[in-house]
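Bear in mind that the values here come from a model prediction, so they are computed numbers and not experimental data. The sequence lines fix the lettering, A, B, ..., with proteins before strands; numbering per chain opens at 1.
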Amino acid sequence: MLQTESFAPRLLSWFARHGRGDLPWQRDRTPYRVWVSEIMLQQTQVATVIPFYARFVTRFPDVTALAAAPLDEVLHHWSGLGYYARARNLHRAAQLIRDTRGGAVPEDHAALVALPGIGRSTAGAILALANDQRHLILDGNVKRVLARWAGIGGFPGEARVAAQFWALSENVTPAARAADFTQAIMDLGATLCTQRRPRCGDCPLAKDCVALAADRIAELPARRAPRKRPRRRIVWLVYRRAGAVLLERRPTTGIWGGLWGFPEFATRAEAEATAVKRAGRRSARLTALGTVRHVFTHFELEIEPLLVELDRRAPLVEQGSETWYKSRAPTRLGLAAPVTSLVAALAAPPRRRRP
DNA sequence: TAATCGTGGCA
DNA sequence: TTGCCAAGATT
């Protein structure tokens with residue numbers, strides 16, 4: 001039988017001893033800093049976020065600084081963290097907060113959810129952690145803890161199942177100590193009730209944990225039905241002229257949206273025709289740089305990069321969405337991940353033969 | 001409802 | 001290699 005009333009006391013008692021209390025966003029706990037951390041932590045592990053968070057809040061210490069910065073520089077600080085819509089939404093939300101609320105992060109749930117990039121759970125986390133307001137969260141940690149403790153089957157992504165989680169969360173969340181409770185249930189999920197090799201022997205909820213009693217820890221929470229990963233192939237043209245490469249801003253939609261990358265084509269024939277045109281000749285010398293394969297969660301991407309060497313005297317045409325990038329010069333642009341590695345490979349000195 | 005969006009760690 | 005997952009939101 002589930003002991004709903006003692007859920008929070010047990011968790012809070014455990015938290016006092018074993019909770020994480022020294023994460024970067026827990027120091028100087030302003031709503032802005034908590035907000036930024038919650039966005040970065042969406043679908044991203046704590047260890048990955050920490051160095052990005054440190055650089056980000058140093059450069060953008062408050063809403064005003066973030067709102068005033070160019071999007072390119074925000075994306076530059078996000079480059080390598082992934083899910084770049086988060087950065088675009090964060091930047092846009094900062095400008096909205098500046099323009100409509102004088103730079104003060106909203107302190108009510110509805111106003112937060114109305115901002116881009118903030119959903120129900122993230123809004124709840126911000127208000128609970130930064131303002132000690134009683135709000136629910138439903139992240140991967142909470143889903144895992146609740147699914148096991150109450151034996152909730154079914155894929156949490158399904159609406160009907162998600163409703164069960166929210167309802168159960170409502171029942172176990174105490175009236176007071178919102179910040180501690182929210183942090184506690186996340187800490188339990190992150191450090192003890194982990195996906196692999198959970199330490200049930202140390203868990204304060206073990207004595208009435210349904211999954212543990214039924215030996216179903218490994219199968220909860222339920223996973224979605226596996227899907228086949230579609231494969232896409234694209235061609236990139238790497239124009240090089242006097243040590244610089246041509247970059248263009250990628251469209252906002254799609255992979256690496258808003259970051260800078262190489263001119264992209266669906267087919268090699270289309271790429272070659274464009275290369276000839278830009279080189280201003282009847283033909284252009286194209287060098288295959290070796291296919292790059294990216295395996296993402298939901299699809300595979302094969303990139304065929306083609307190097308186009310332009311004459312040093314070729315005109316340095318530059319439009320609004322184009323720039324010539326030198327790898328050794330400082331940049332404030334967000335670069336797509338393969339761009340960074342490709343540019344690094346191009347800049348590396350050619351290997352000498354052994355004498 | 002289901003697909004989309006990144007990267008790094010792990011078995 | 002391959003699959004799965006991590007402080008989810010958006011369309």
Side-chain angles (χ1 to χ4, degrees), chain A residues 20 23-26 33-53 75 78-90 92-93 112-130 135-145 155-162 165-166 179 182-191 193-198 218-219 221-230 232 250-259 261 293-301 334-341:
Chain A
R20 297 174 293 184
L23 296 169
W25 39 90
Q26 296 176 321
R33 287 169 57 88
V34 172
W35 171 32
V36 171
S37 77
E38 287 303 325
I39 301 301
M40 284 192 170
L41 287 161
Q42 288 170 357
Q43 301 290 282
T44 311
Q45 294 189 344
V46 169
T48 301
V49 164
I50 286 176
F52 285 87
Y53 181 82
L75 288 171
W78 210 275
S79 181
L81 191 57
Y83 283 151
Y84 299 96
R86 296 183 296 177
R88 301 193 305 268
N89 288 333
L90 186 66
R92 194 150 54 91
L112 278 175
V113 170
L115 292 169
I118 301 180
R120 179 177 178 181
S121 183
T122 297
I126 294 170
L127 293 177
L129 295 173
H135 288 282
L136 310 181
I137 65 167
L138 197 57
D139 67 345
N141 292 308
V142 177
K143 287 174 191 167
R144 194 165 52 252
V145 170
F155 175 57
E158 194 180 332
R160 198 180 64 80
V161 180
F165 281 99
W166 284 111
T182 300
Q183 191 62 49
I185 194 167
M186 285 194 290
D187 284 1
L188 189 80
T191 68
C193 190
T194 52
Q195 177 66 26
R196 291 183 295 267
R197 298 176 55 175
E219 59 188 84
R223 299 189 294 262
R224 76 155 65 229
R227 296 173 298 193
K228 190 182 174 186
R229 257 200 307 254
R232 305 179 206 168
R250 297 179 57 84
T252 301
T253 57
I255 192 78
W256 300 305
L259 277 68
R293 183 164 169 268
H294 284 263
V295 181
F296 299 114
T297 304
H298 294 296
F299 70 98
E300 283 183 31
L301 183 62
L335 303 185
V339 172
T340 306
S341 49

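- Listed nucleotides: dA7(C), dA3(B), dG6(B). Nearest to the side chain of Arg227(A): dA3(B).
- The side chain of Arg196(A) approaches dA11(B) more closely than any other nucleotide in the set dA11(B), dA7(C), dT4(B).
- Comparing Asn89(A) and Glu38(A) by the nucleotide of DNA chain C whose heavy atom lies nearest to each, the residue mapping closer to the 5' end is Glu38(A).
- The two residues Asn141(A) and Ile185(A) have their closest heavy-atom pair at CB-O, 4.4 Å.
- For the residue pair Arg86(A)/Thr44(A), the side-chain donor-acceptor check at 3.5 Å is satisfied.
- Side-chain proximity of Ile255(A) to the nucleotides dA3(B), dC5(C), dC5(B) is greatest for dC5(B).
- The nucleotide whose nearest atom lies closest to any side-chain atom of Arg20(A) is, among dA7(C), dA3(B), dG6(B), dA7(C).
- Taking only side-chain atoms of Thr44(A), from C-beta outward, the nucleotide of dA6(C), dA7(C), dG6(B) with the closest atom is dG6(B).
- Both Gly117(A) and Val46(A) sit near DNA chain C, but only Val46(A) has its closest nucleotide nearer the 5' end.
- Shortest non-hydrogen contact noted between Pro156(A) and Ala162(A) is O-CB, 3.6 Å.
- Taking every side-chain heavy atom of Gln42(A) into account, dG8(C) is the closest of dT4(B), dT1(B), dG8(C).
- Two residues, Val295(A) and Arg197(A), neighbour DNA chain B, and the one matched to the more 5' nucleotide by heavy-atom proximity is Val295(A).
- When the nucleotides dG6(B), dT2(C), dG8(B) are ranked by their closest atom to the side chain of Tyr83(A), dG6(B) comes out on top.
- For the C1' atoms, the distance linking dC5(C) with dG6(B) amounts to 13 Å, nearest Å.
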Inset, instruction - Go through Arg229(A) and Thr297(A) one step at a time and tell me if the side chain to side chain contact (heavy atoms under 4.5 Å, CB included) criterion holds. - result: CA-CA 8 Å; Arg229(A) 257 200 307 254; Thr297(A) 304; over 6 Å; no
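- Out of dA9(C), dG6(B), dA7(C), the shortest distance to the side chain of Asp139(A) is found at dA7(C).
- One can find a donor-acceptor pair under 3.5 Å joining the base of dT7(B) and the side-chain atoms of Thr297(A).
- Closest to the side chain of Tyr84(A), from the set dT7(B), dG8(C), dA7(C), is dT7(B).
- Counting non-hydrogen atoms under 4.0 angstrom, Arg88(A) reaches nothing in the nucleic acid.
- Side-chain contact between Trp35(A) and Ile118(A): present, with at least one pair of heavy atoms (C-beta onward) separated by less than 4.5 Å.
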